[in-house]
> 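Next up is a structure, given as structure tokens.
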Amino acid sequence: MSATPERRAELETRLAQVRERLAAACAAAGRGADEVELMAVTKYMPATDVAALADLGVRAFGESRAQEAAAKAEELGDARIRWNFIGGLQRNKARLVVPWVTRVESVDSPRLAAALDRTVLQALDAGERTAPLDVLVQYSVDGDPARGGVPADGLLDLASQVTQARGLVLRGLMSVAPLGADAERAFAAIEAAGNRLRAEHPDAAVLSAGMSGDLEVAIRHGSTVARVGTALVGDRRLTSR
Ligand SMILES: *Cc1c(COP(=O)(O)O)cnc(C)c1O
């Protein structure tokens, strides 16, 4: 199965628009266009969209539902793709994700970090993985437990736990600006959290921040990864192509 020619054309147009937005945002922020990576968020979207975007040169993909993502990764088996898990992950779903995922960006508790570490070590032993798992700690701007993320006061403890886990490699910080929040203030807080993390862990330089609606503000505040869904693949509520 592959995307229809019409869908391919639509994705190509949207991708060009998103790349233009990213380039303009980088230029406006006085940053190089190569400082911000595009992650295509393809949750709820069919594997044919992922394949089409990979053909158009996208390499980083984001998924947020374990079962759905595992099915897509298995169906595609595409070695060009780096899969990022960016949604809430229950500990008992770690096994579903670990065999194919490159990076989990939503690590927000010591128990989840421990479960991922255990699962990765088992997968390495079993030959299901060849490398440890890259991890971002997810930071919660407002401490609301419903949205996921660790509040500011737990961030550095969680990060040091990750650095001590043999199966995990700390790469940086991910965050989602709270709905309805002042974007300027939210991304300033996210940037500050990233800076605090990097002060202790200089190699944890990834700052995954910004989505379709707010990527310009995020890039002004140091984002290195824009996670773009809607602007790239359209409205998720209207799918099933
Ligand atoms: C869905 C999702 C995105 C993409 O959001 P859009 O507004 O569709 O670009 C980015 N990050 C996370 C964590 C998401 O769940």
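Start at 1 and go down the list; that is how both ligands and their atoms are numbered. Values below: all heavy atoms of this structure, side chains included; hydrogens, waters and symmetry mates excluded.
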> So if I count the atoms of ligand 1 from 1 in the order they appear, which ones are less than 4.0 Å from some heavy atom of Val228?
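Those qualifying, in numeric order: 9 (O).
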> Which residue owns the protein heavy atom closest to atom 10 (C) of ligand 1, what's the atom, and how far is it?
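For atom 10 (C) of ligand 1, the nearest protein heavy atom comes out as Met211 SD, 3.2 Å.
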> What verdict does the side chain to side chain donor-acceptor pair (under 3.5 Å) test give for Ser208 and Arg227, after you've listed the backbone C-alpha separation in whole Å, the side-chain angles of each residue and the deciding distance to 0.1 Å?
CA-CA 7 Å; Ser208 174; Arg227 305 182 309 268; 2.9 Å; yes
> Atom 13 (C) of ligand 1: which of Thr230, Ile86, Thr42 has the nearest heavy atom?
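Result: the heavy atom closest to atom 13 (C) of ligand 1 is in Ile86.
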> Using modelled atom types and a 3.5 Å cut-off, is there a donor and acceptor pairing between side-chain atoms of Arg129 and backbone atoms of Pro132?
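At least one qualifying donor-acceptor pair exists.
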> Give me the nearest non-hydrogen protein atom to atom 1 (C) of ligand 1 as residue plus atom name, then the distance to 0.1 Å.
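Sorting protein heavy atoms by distance from atom 1 (C) of ligand 1 puts Lys43 NZ, 1.4 Å first.
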> Considering only protein heavy atoms, which is closest to atom 9 (O) of ligand 1, and at what distance to one decimal place?
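Heavy-atom neighbour on the protein nearest atom 9 (O) of ligand 1: Ser212 OG, 2.5 Å.
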> For ligand 1, which part of Arg236 has a heavy atom less than 4.0 Å away: the side chain, the backbone, both, or neither?
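The answer is the side chain.
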> Hydrogens and angles aside, do Glu35 and Thr224 bring a side-chain donor and acceptor to less than 3.5 Å of each other?
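Not at all, the side chains of Glu35 and Thr224 share no donor-acceptor pair under 3.5 Å.
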> Is there a donor-acceptor contact under 3.5 Å from the side chain of Asp214 to the main chain of Met211?
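Here the side-chain-to-backbone pair exists.
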> Do Ile219 and Val217 sit in the same hydrophobic cluster, where Ile, Leu, Val, Met, Phe, Trp and Tyr count as joined when their side-chain heavy atoms come under 4.5 Å apart?
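Same cluster.
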> Considering only protein heavy atoms, which is closest to atom 11 (N) of ligand 1, and at what distance to one decimal place?
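Of every protein heavy atom, Arg227 NE, 2.9 Å lies nearest to atom 11 (N) of ligand 1.
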> Apply salt bridge (Lys or Arg N to Asp or Glu O under 4.0 Å) to residues Glu37 and Arg59 and explain how you reach the verdict.
CA-CA 10 Å; Glu37 181 173 46; Arg59 291 295 172 261; over 6 Å; no
